[in-house]
Amino acid sequence: QVQLVESGGGLVQPGGSLLLSCTASGSIFSVNGMGWYRQAPGKQREVVAGIISGGRTNYVDSVKGRFTISSDNAKKEVYVQMNRLKPEDTAVYYCYMNIKRTYGSRWANYWGQGTQVTVSS
């Protein structure tokens with residue numbers, strides 16, 4: 001069984017910062033890509049940021065220059081530092097990891113349960 005758990009969400013004023021963390025546990029042989037999605041009320045889920053082995057990153061245009069994704073593959077953790085937050089960043093944020101559970105198994109995506117981020121004065 002693989003479990004991803006996010007932490008770090010909360011209420012912050014516009015212009016503030018939050019650091020989201022996500023830790024994977026369970027039977028894991030290897031982790032490839034990691035990242036974060038978000039879903040705002042009444043909107044579709046969208047990719048916020050992703051990082052792959054080797055450190056290459058990508059971001060949705062709306063967060064470029066404000067969010068920074070990083071990871072620690074040895075700890076099976078992924079983070080997103082969110083700065084200069086805006087009300088439109090309000091959403092539930094989900095982490096994901098592309099995981100191989102054993103040497104012979106296929107890669108599969110796993111998701112966390114989500115953490116609420118609310119940006120409001």
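Since we're looking at a predicted model, the values are computed, not measured.
Note on residues 6-17: pairs passing side chain to side chain donor-acceptor pair (under 3.5 Å), not counting sequence neighbours, are S17-N83. The disulfide (SG to SG under 2.5 Å) contacts involving residues 29-62 comprise nothing, where partners must be two or more places apart or lie in separate chains. For residues 64-93, no pair satisfies disulfide (SG to SG under 2.5 Å), with sequence neighbours left out. Applying the ring-ring contact (aromatic ring centres under 6.0 Å, His included) test to every pair with at least one member in residues 48-85, sequence neighbours left out, gives no pairs at all. Residue pairs that meet the side chain to side chain donor-acceptor pair (under 3.5 Å) test with at least one member in residues 41-52, sequence neighbours left out, are R38-E46. Judged as a disulfide (SG to SG under 2.5 Å), not a single pair has a partner in residues 47-79 (not counting sequence neighbours).
Among residues two or more places apart in sequence or in another chain, the side-chain hydrogen bond (donor to acceptor under 3.5 Å, both in side chains) test is passed with D72 by none. Residues satisfying the side-chain contact (heavy atoms from CB on, under 4.5 Å) criterion with V12, sequence neighbours excluded, are L18, L85, V119. Under the rule for a salt bridge (Lys or Arg N to Asp or Glu O under 4.0 Å), K75 has no partner lying at least two apart in sequence or in another chain. For R84, the side-chain contact (heavy atoms from CB on, under 4.5 Å) test picks out R66, with sequence neighbours left out.
Minimum heavy-atom separation, M34 to V31: CE-CG1, 3.4 Å. The heavy-atom pair separating T90 from A40 by the smallest distance is O-CB, 3.5 Å. In terms of heavy atoms, C95 sits closest to L4 at SG-CD2, 3.7 Å.
Under the 4.5 Å side-chain contact rule for hydrophobic residues, I51 and M97 share a cluster. One hydrophobic cluster, built from ILVMFWY side chains closer than 4.5 Å, cannot hold both I69 and V92; they sit in different ones.
K100 places none of its side-chain heavy atoms less than 4.5 Å from the side chain of N32. Under the 4.5 Å side-chain criterion, counting only non-hydrogen atoms from C-beta, S120 is not in contact with P87.
Between D61 and K64 there is a salt bridge, with a side-chain nitrogen of the basic residue lying less than 4.0 Å from a carboxylate oxygen of the acidic one.
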Could you go through W107 and S30, starting from their C-alpha distance and side-chain angles, then the distance that decides it, and tell me whether this counts as side-chain contact (heavy atoms from CB on, under 4.5 Å)?
CA-CA 9 Å; W107 292 98; S30 183; 3.5 Å; yes
Test side-chain contact (heavy atoms from CB on, under 4.5 Å) applied to V47 and V60, step by step:
CA-CA 7 Å; V47 177; V60 67; 5.8 Å; no
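If you look at Y93 and Y37, their ring centroids are not closer than 6.0 Å.
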For residues 19-27, run the donor-acceptor check on the side chains, cut-off 3.5 Å, and write out each pair with its distance to 0.1 Å, sequence neighbours left out.
residue	atom	partner	partner atom	Å
T23	OG1	E77	OE2	3.3

With a cut-off of 3.5 Å and sequence neighbours excluded, list every side-chain donor-acceptor pair involving residues 108-116.
residue	atom	partner	partner atom	Å
N109	OD1	N98	ND2	2.9
T115	OG1	G9	N	3.4
Q116	NE2	A91	O	3.4
Q116	NE2	T118	OG1	3.3

